[in-house]
Amino acid sequence: MASLIGSYSLSFGLLFSVLIIFFSLRNLKNAEILDKKIITLTFIQFFFVVISFFGLIISFINSDFSNETVFNHSHTTKPLFYKISGAWGNHEGSLLLWLLVLTLFISIFLIKSNQQPKKYRIFTLLFQQIIIVGFFIFLIKTSSPFNYIFPTPNEGLGLNPILQDPALAIHPPILYLGYVGSSIIFSSALAAMVTSYVSKEWAKHIKQWVLASWVFLTLGILLGSIWAYYELGWGGFWFWDPVENVSLMPWFALTTLLHCILVMERKKILTSWAMILSIATFALSMSGTFLVRSGILNSVHTFANDPERGLFILIFLFTLIFLSIFIFIFFHSGKEKIENNFFWLSKETSILINNWFMMYFLSVVLIGTIYPIFLEVITANKISVGPPFYNKLILPFLIPFLIAMAIGPNLNWVKSDFKDKFYMMIFLTISFLLSALIIKQFDINFLINTILVTSAFFLFFSTSREFFVKRFRNLSQNIAHFGFSLLILSILFNNIFSNEVITNLKIGETFTAEKFTINFENIEQEDEKNFKAIIGKFNIQYLDGSTDILNPELRIYNQPNIITSEADIKTNLFTDKFMTMNYVQNQEYFNIRYQVKPFMIWIWISVLLITFGGSLSFFNKRYEI
Amino acid sequence: MKSKFIPLIFILIFIITFVIFYKGLKNPNIYTPSTNLEKEVPPFELKSFENDSIIISEKIFKNNDYYLMNIWASWCIPCKVEHEFLMKLKNNEKIKLIGLNYKDNFKNASSFLNDLGNPYDLIVSDRDGTASIEWGAYGVPESFLIYQSKIIKRFIGPINNEDLLEIQKLIR
Amino acid sequence: MKFIHIFLIVINILNFNLLKADEIKSENEIAKNLRCLICQGQSVHDSDSEFAISLKLVINEKIQQGMSEEEIYSFLKMKYGEWILYDPVFNRNTYFLWLLPILIFLAGGAIIIKKFYYKK
């Protein structure tokens, strides 16, 4: 029943798109003000999508296995929370969620933009409707969440246990808020070009949306990363997997846009660039969807691969790209006023430098991700592009980037000179000595690591000092930059000082490493409702005499029949201790992985700080960037 | 002039990208290594399946016979599927079947053979899976057709009827 | 071409992977640079598949035999194809992969400089 209602509401929703487009076009010609009818229609459309979405959730809660999506991804024994999150934990449901956010955001946009020119609002709505219609058709034609199966199966196939995780349950909605927010930026940029509204006012108005999408996207990526760390049992938080890269690319573009908009809201310069970035951000989000859902890339994410879906998104994506190129060429006049005067040493330049590096990082990730596809199609050679590639091309460039980031925010607009040279020199010296001292103890990759850590420390000290000097001015930016320095420091320390052992151990055996010994004491069996657990007991002794007891687990689930390994993680402020145990076919030993990961928790904290900084400027204008 | 030129280049790039993505959609996204990477039989020294005697590869493949080296395990489900085709090869005079028992234990493996029949002339055991890597294998089952110490054909995954016919044709 | 050479040397110096670390470390380093053929999104280091576990044993064995990191890579490349290496080699197929980002970086710099140059 719920499925049926959901299915019908979808069709009604699509119908309303037609109505909205019709009334918008009429309103465009005739009236002076925006027709109230259009706003009402948009709300009704949103309402229909909400009903459809709830229809799916209710089908999941009721375990209505006559619905194909529910049958494929749910099970009666699943906890309620995961039944609900299961609604968007699959391809069909997640697209419905996209659509929900799309219609939600355009409604919010219409309310929030009542100070803006009518034509601009209508055009934004029209472009947004093009996207919405595209998604409606995609959903209904190729991936309907409401397919009916008869006869009704008694039991569903179940949700992969590694997807049953709280972080992963809220990861897609948050991430989509970011992705879809970029669709508003896209539509509004196109509308601004068509109506010649590319101006400071536009920049001020769209900044809110840029910030919001950026905050959500950052949080979404963070949640995905946290999930990977706790659930995948590999002990890492970033793998340069295509799916991760795909979320990182729009993030780079958005971050660039955010900084670019800051300049644009003060002066009418960099307008073409801002337009290109607005288009690129959404195009990258969409290509991400394409790359992940079409199965063209080989990644850990498992969505059912269907070339038909891939083809649809591909055509849709390129239609949008060509539409925007067309509008950009014919409507956008790149002529900027003579306001274009700022000097070498100025905040403008430092923002340009930020943009420059961000674009470089973006291009590394983009090229690394899609190059294998190109190579395979052209030469039939198959290669892999993995972490070493990204590290080699990104790490060296991080050094000047961090230093520029430390200096930039202290400069004045238009013209400036180096301020506080004294402090800068002191910070640089302290940073260098400190890093040399720390790295020397470990004597690995001395040169690069010292320079990297130095630049990160430099940024850390500079941003810390700004808290005292600037007080509440620019607090938002200050917190975000401080968070970024903390992030880089924690990642570097995490990388440099992590210590890991992978070995095969039998029960009762001991493994001696340089700094600790692992003692595999015994195993226990426990029977749970939907899985059987084998729990290992490990005693780890360190050189200084302290000990840790870790209990990694193997879980043998009954539905679907999957063996997962649950890591045991001991977290404290400075280090995480991470242990997993894996079953090896027909051997007496288990495969043991033990890792000591310093500053793990600080990676999460610092990203939270960055997003906190970003969202601060929503609440109080005083802190604004 | 210049302002028209740059967008044109971009449009061209996007069209090329489109075509490549379109073609890329048709390629399988799972990688399987090319089946003619390795030609020489990699040397090994392994324990025999039945007892602890050491078997050296050079002593096996030296004759002027055809050999089918089959990697299998009792816990591997596709191995059961291919087993009937291996049994059909057993009676062929021209080919000798060598089994490489992968990460298995003796009890399970011998009951597997008792139930389904033993097609192998010789079985060696690869307890920790390292020998299979020397062969460039990465899963079970995999089979290699060998003649005069050269791998002439490699089969990834279970042998099916088509593969069987091909083998019979090759060794004729 | 000269520039490319210098650039590669600089990159290599900056990333020079520890010369002589202890065994566990380099075994892990090597496994991290290899892609698992069973769970194809993972590195051999991260993967717990039967293949990956055995491959780690093989790497260890090869290190014991005195093979260098490079030799192990080329050994595995011969067995499984270039695909298994996460760090693409710099050759005809990958010129663009390595150089395009750098070209984009240089072009970006040129655009910024031009912006100032034009004004004066």
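Order of the sequence lines fixes the chain letters, A, B, ..., with proteins taken first and strands second; residue numbering starts at 1 for each chain. The shown structure was predicted, so the numbers you read here are calculated from the model rather than taken from an experiment. The figures that follow rest on heavy atoms only: side chains count, while hydrogens, waters and symmetry mates do not.
Heavy atoms closer than 4.5 Å to chain A are found in both the backbone and the side chain of B:Asp128. For B:Ser74, no part lies near chain A; criterion is any non-hydrogen pair under 4.5 Å. Contacts of A:Leu317 with chain B are absent, with no heavy-atom separation under 4.5 Å from either backbone or side chain. For A:Phe326, no part sits under 4.5 Å from any heavy atom of chain B, backbone or side chain.
Checked against B:Phe18 for a ring-ring contact (aromatic ring centres under 6.0 Å, His included), the options A:Phe318, A:Phe322, A:Phe290 give a single hit: A:Phe318.
Surrounding CD1 of B:Ile77 are at most 12 heavy atoms belonging to other residues, nucleotides or ligands under 6.0 Å away. Environment of NZ in B:Lys90: crowded, with over 12 heavy atoms of neighbouring residues, nucleotides or ligands closer than 6.0 Å. Remark: A:Lys382 NZ is packed, more than 12 non-hydrogen atoms of other residues, nucleotides or ligands lying under 6.0 Å away.
The shortest heavy-atom contact between A:Leu311 and B:Leu25 is N-CD1, 3.6 Å.
Note that CG of A:Leu314 and OG1 of B:Thr17 are 10.0 Å apart. Values are rounded to the nearest 0.5 Å. To the nearest 0.5 Å, atoms CD1 (A:Ile370) and CD1 (B:Ile20) are separated by 8.5 Å. Atoms CD1 and NZ, on A:Ile378 and B:Lys23 in that order, are 9.5 Å from each other to the nearest 0.5 Å.
Note on A:Val584, A:Leu291, A:Ile373: by heavy-atom pairs under 4.5 Å with chain B, the leading option is A:Ile373.
B:Phe21 and A:Phe374 have perpendicular rings, their planes meeting at more than 60° on a 0 to 90° scale where under 30° would count as parallel.
For residues 155-171 of chain B, an interface with chain A (any heavy-atom pair closer than 4.5 Å) does not exist.
Taking the salt bridge (charged side-chain N to carboxylate O under 4.0 Å, His left out) definition, one finds that A:Arg593 meets it with C:Asp48, sequence neighbours left out.
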